[in-house]
There are 2 protein chains.
Amino acid sequence: MTQDKDPDRAVSQTVKALLSLRDLILSGALQPGERISELSMVERTGVSRTPVRMALVRLEEEGLIEAIPSGGFAVKAFSEADIFDSIEVRGAMEGLVARAAAERGASRAALADIKLCLDDIDALTRHPVLNLDHFASYVQLNARFHAALHDMSGSAVMIRQAERASALPFASPSGFVMAQSALPQARTILIVAQDQHRCVIEAIENREGERAESIMREHARLARRNLQLALGNQTTLDLVAGSALIRRPSRA
Amino acid sequence: MTQDKDPDRAVSQTVKALLSLRDLILSGALQPGERISELSMVERTGVSRTPVRMALVRLEEEGLIEAIPSGGFAVKAFSEADIFDSIEVRGAMEGLVARAAAERGASRAALADIKLCLDDIDALTRHPVLNLDHFASYVQLNARFHAALHDMSGSAVMIRQAERASALPFASPSGFVMAQSALPQARTILIVAQDQHRCVIEAIENREGERAESIMREHARLARRNLQLALGNQTTLDLVAGSALIRRPSRA
DNA sequence: TTTCCTCATATTGTATACAGGAAGGATAGG
DNA sequence: CCTATCCTTCCTGTATACAATATGAGGAAA
């Protein structure tokens, strides 16, 4: 009901290529730095070169791959600092949308809607013990919250930019949630994050722009802390989509 | 010396199409809302459909055109509010890079380099009377300053995002400079802008992150004021690239 | 006169052919 | 044994052909 499930029909070849390629890259099937052969992708995705090429252009804009001067594209590698900065950028953009929502005022309907989302998250975190399904649900709800927050800015330009910043590699609001799930502090982190959710909505309701902005920036820094925790051990790292693209600074 | 001038040789067809299409759109040759016929673009640009299509995808990412649900692309229209928000987004990103530069520290070489740029701008503004050539030079120098500022963040991710934000329609740091030139306050605006340039570099040198960020945000708001002035009368509006895409909210 | 349906046309999305050039290996020379 | 050069192979960028579908005009019916 949410979207078309059929993977073959009613989906453009370009979209199919885009999803396949993104999966291939994030799963680590393609080595960072390695040139992406278009013909190989034709074989692997089952679509012809034209849509593959379209998808490559979009993935370049997304930041997952980069153009090679002599032609073609290569998978990017990401340092811990790169990911930190991506999250910081996302925090800045979400801070901006939150401030805009607060200063310009959010509609009663939007506030009511996002509070329902918050209630759902509360219901989730009330469980004394959280399993993988719970975390998967949280990822969904969290995405819903962030999308709704963006919408509350009321600005198409800001919404677009916030979405684009969130689509940066490893910058997604839920990027490290699944990794959290293996951590002992998992529940604590979720509770803190949810408190920030509540606070930013309160700030928006009270028209406190500065406060709303700084909360969202801090909220992004919570993701950075998750990243640090996730990078700490291999078990959690394996739960991060695209972990094969992360180059550790040292091999000590 | 700055870049390849030859429009025919040694430039890929895709780049040629990209530049041609952007010009066509900004010049107002294509009506906002109107579907962009690929075949027409083939005729007008002299390249085949494939590179035209590539260029269209990139222009969509840039935000100048949007996909039509039934296929193809249409030129976007921009309200005054859209442009305000684009500039605000750019200000937020440049605020972020300035803060990063301040907090992480800029190299002596980078500081020396950007100060040379500032000196050049000072030399320009010292002229008692400014003609169109002066403003054109300012546009160049201003672009150089902003690019150098982005670089000072030292973060490839932030540089990239700052450039992308600056590439949003009408969000360029120099977007309304040429329009200024026809205004009586032109020189004043330039002097104020240049003072902000000096101040932000001082803040970065002194490691004052918060100050550097707020200066760049305010610097962007100066562009917003220029926009308001430019929208005020037709003479100045005509100097704005892409003015045909701006839809006035009312025709009073 | 207005609305709906049908059909011809035009346009996009996709596949594929072709040419120029880059990457890598093998071979010959130092 | 190392290095430089040439050659083969593969790959990308571009053009174009083809099919499915959207668009718009024109006519018929209410």
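Every value quoted in this text rests on a predicted model; they were computed, and no experiment measured them. Lettering follows sequence order; numbering is per chain, from 1. Excluded from the calculations below are hydrogen atoms, water molecules and symmetry mates; all remaining heavy atoms, backbone and side chain alike, are included.
Between the P atom of C:dA15 and the CZ atom of B:R49 lies a distance of 13 Å, rounded to the nearest Å. Atom C1' of nucleotide C:dT11 and atom CZ of B:F73 are separated by 13 Å, given to the nearest angstrom. One can place CG of B:L56 at 14 Å from P of D:dT14, the figure rounded to the nearest angstrom. For A:M54 and D:dT14, the CE to P distance is 13 Å, given to the nearest whole Å. Here D:dT23 presents its P atom at 14 Å from CD of B:E34, a figure rounded to the nearest Å. Following rounding to the nearest Å, A:E38 (CD) and C:dA17 (P) show an atom-to-atom distance of 16 Å. A straight line from NZ of A:K16 to C1' of C:dG13 spans 13 Å, rounded to a whole angstrom. One interatomic measurement links the two molecules: CD of A:E43 to P of C:dT16, which rounds to 13 Å at whole-angstrom precision.
The two residues B:R160 and A:E60 have their closest heavy-atom pair at NH2-O, 3.1 Å. Residue B:Q161 comes nearest to A:V89 through the heavy atom pair CG-CG1, 3.9 Å, listed as atom of the first residue, atom of the second, then distance.
Of the side-chain N and O atoms in B:S37, none sit less than 4.0 angstrom from OP1 or OP2 of C:dA10. Close to C:dT14, at under 4.0 Å from its OP1 or OP2, lies a side-chain N or O of A:T14. The side chain of B:S48 places an N or O atom within less than 4.0 Å of a non-bridging phosphate oxygen (OP1 or OP2) of D:dA15. Considering only side-chain N and O atoms, A:R53 lies under 4.0 angstrom from the phosphate OP1 or OP2 of D:dG13.
Using a distance-only test at 3.5 Å, with no hydrogens or angles considered, no donor-acceptor pair links the side chain of A:E88 to the main chain of A:D85.
Between B:F170 and B:F78, the ring planes are perpendicular. Angles over 60° get that label, and only those under 30° would be called parallel. Taking the six-membered ring where tryptophan is involved, the planes of A:H146 and A:H219 are essentially parallel, since the angle between them stays under 30° and well short of 60°.
Listed nucleotides: D:dT12, C:dT11, D:dT16. Nearest to the side chain of B:T50: D:dT16. Of the listed nucleotides (C:dA15, D:dT14, C:dT12), C:dA15 has the atom at the smallest distance from the side chain of A:Q13.
Across the interface with DNA chain D, nearest-nucleotide mapping of B:V47 and B:R35 shows B:V47 to be the residue nearer the 5′ end. Each of B:S70 and A:I68 lies near DNA chain C, and the nucleotide nearest B:S70 is the one positioned closer to the 5' end.
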